[in-house]
Protein chains: 2
Amino acid sequence: MPEHEFSKYFQLFNEIGILEQLSRAMLEARLPTGLLASHFSVINHLIRVQDGRTPVELARAFQVAKTTMTHTLSGLEKHGFIEMRANPDDKRSKCVWLTDQGRAFRQNAIRGLEPDFHNLLDALSPEDIDATLPNLTKLRMFMDKARDKPS
Amino acid sequence: MPEHEFSKYFQLFNEIGILEQLSRAMLEARLPTGLLASHFSVINHLIRVQDGRTPVELARAFQVAKTTMTHTLSGLEKHGFIEMRANPDDKRSKCVWLTDQGRAFRQNAIRGLEPDFHNLLDALSPEDIDATLPNLTKLRMFMDKARDKPS
DNA sequence: TGCATATAGTACCATATCGCACTATATAGT
DNA sequence: ACTATATAGTGCGATATGGTACTATATGCA
């Protein structure tokens, strides 16, 4: 692979890394003290795919260690945003259910982000996003699929 | 801001977050045990902007806490990849200098990434990157500029 | 010059994340 | 049914990162 081509992928991942940091900071600035992007992401995921997921399913979805997910969930439970109930299908397992407060937490965070996103209209139009997002999705799906294969 | 527009920004940052995690894992798989993406990034930055930077300059460049950078640098020093020398212009301060081993560490990591990037050709062509990268750069520069302003 | 304030680096503590090991339960093969 | 193996969740220890407070030095201003 020629240097100039290598460099393009390198730059792409570099921008992605910086943007991740900036966007995480933007989100966390809108969250109550003690709550992080990881907490929001889990709640948001439970809304999207329906709650009742098990901790292991969530850990896989976010590609974090099981123990990390246990820790994140215990924080969410302490805030009353989720409830852990027994899994009727598997006595080893539990299911995670959203509470009304958990749903409200998500709504408030999203409402808080709206002015931030509004500001971004000056930097990147919705049409720009339309031109960008499909490529990122394509790359993400490929890397996601490839992640467990041998190198 | 209408919901479908809000949703575009939301999806964009979601993809960015997932891609950051996947690409970090890809990089770290190519690094020697005990070395993380943060270590590589600092060495890489020192190559790009010339070494001799101070820890505070590096912390600002990566937007991490000063203490985090101290910790990362101490790891790099332990591996013999950098040297910390007194700053002749400021007795409070130090300068970070690359060693030959530090430069070799970067070269090896980059060489290791080449097959990974090669595989990505199937997912995202260099032309796709050309269509994507400028938008990401635009967004990153805007957010970077906005990050210290009041909301 | 002298003093107030700002900055660089670090020690210390809190928390997030991860890997390992363990228990309880589930699943597969006989 | 029995046994071997796999899986779910958690306790524990290690490390990465961030915040606070401190010391030494720099800078700005009277």
Side-chain angles (χ1 to χ4, degrees), chain A residues 17-18 20-22 24-29 31-43 52-79 82-97 147-148, chain B residues 17-18 20-22 24-25 27-29 31-43 52-79 81-97 147-148:
Chain A
I18 300 171
E20 189 277 336
Q21 208 164 3
L22 291 165
R24 185 159 38 81
M26 186 174 73
L27 169 60
E28 291 184 348
L31 301 183
T33 311
L35 291 165
L36 302 173
S38 51
H39 297 114
F40 174 83
S41 301
V42 169
I43 297 290
R53 299 308 103 201
T54 70
V56 158
E57 280 175 321
L58 295 170
R60 286 207 192 101
F62 289 100
Q63 293 184 66
V64 298
K66 289 187 299 179
T67 49
T68 302
M69 189 50 65
T70 300
H71 183 77
T72 303
L73 292 174
S74 83
L76 289 171
E77 202 174 16
K78 207 169 296 171
H79 279 84
I82 57 165
E83 280 175 21
M84 308 279 280
R85 302 187 204 143
N87 184 342
D89 299 335
D90 187 335
K91 289 183 183 170
R92 295 169 302 180
S93 180
K94 301 177 176 179
C95 296
V96 184
W97 298 93
R147 89 179 116 116
D148 289 325
Chain B
I18 299 171
E20 190 277 336
Q21 207 166 4
L22 291 165
R24 185 159 39 78
L27 169 60
E28 290 183 349
L31 300 183
T33 312
L35 292 163
L36 301 174
S38 52
H39 298 114
F40 174 83
S41 302
V42 168
I43 297 290
R53 300 306 102 201
T54 70
V56 158
E57 280 175 321
L58 295 171
R60 286 207 193 101
F62 290 99
Q63 292 184 65
V64 298
K66 289 187 299 180
T67 50
T68 302
M69 188 50 66
T70 299
H71 183 76
T72 303
L73 291 173
S74 83
L76 288 171
E77 201 174 16
K78 205 169 298 171
H79 279 85
F81 295 164
I82 57 166
E83 281 175 20
M84 308 279 280
R85 301 188 205 144
N87 184 342
D89 300 333
D90 187 336
K91 288 184 183 170
R92 296 169 302 181
S93 181
K94 301 178 176 177
C95 296
V96 184
W97 298 92
R147 88 179 117 117
D148 290 325

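For the numbers below, each heavy atom of this structure counts, side chains included, while hydrogens, waters and symmetry mates do not. In the text below, chain A, chain B and the rest are named by the order of the sequence lines, each starting its count at 1.
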(message) Any residue in residues 86-94 of chain A with a heavy atom nearer than 4.0 angstrom to DNA chain D? Just list them by number, or reply none.
(response)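 The answer is A/Arg92, A/Ser93, A/Lys94.
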Check the phosphate of [N] against [X], side-chain N and O only, distance under 4.0 Å to OP1 or OP2. Yes or no?
X       : N      : answer
B/Thr70 : C/dT10 : yes
A/His71 : C/dA16 : yes
A/Thr72 : C/dT17 : yes
A/Thr67 : C/dC18 : no

Is there a donor-acceptor pair under 3.5 Å between the side chain of [X] and the backbone N or O of [Y]?
X       : Y       : value
B/Glu57 : B/Thr54 : yes
B/Glu77 : B/Ile82 : no
B/Ser74 : B/His71 : yes
A/Thr68 : A/Val64 : no
A/Gln21 : B/Phe62 : yes

(request) Just name whichever nucleotide pairs with D/dC29, Watson-Crick or G-U, keeping both distances under 3.5 Å, else none. (result) C/dG2
Grab the [atom1]-[atom2] distance between [X] and [N] for me, whole Å please.
X       : N      : atom1 : atom2 : answer
A/Gln63 : C/dC18 : CD    : C1'   : 14 Å
B/Lys66 : C/dA11 : NZ    : P     : 13 Å
A/Glu28 : C/dT15 : CD    : P     : 15 Å

(message) Of all nucleotides in DNA chain D that come within under 4.0 Å of a heavy atom of chain B, which is furthest toward the 5' end and which toward the 3' end?
(response)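 Both ends considered, the range comes out as D/dA16 to D/dA26.
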(request) Please figure out whether A/Arg24 or A/Val56 has its closest DNA chain D nucleotide nearer the 5' end. (result)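 Mapping each residue to its closest nucleotide by heavy atoms, the 5'-most match is A/Val56.
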(request) Would you mind telling me which residue lines up with the more 5' stretch of DNA chain C, B/Gln21 or B/Arg60, judged by nearest nucleotide? (result)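 The 5'-side residue here is B/Arg60.
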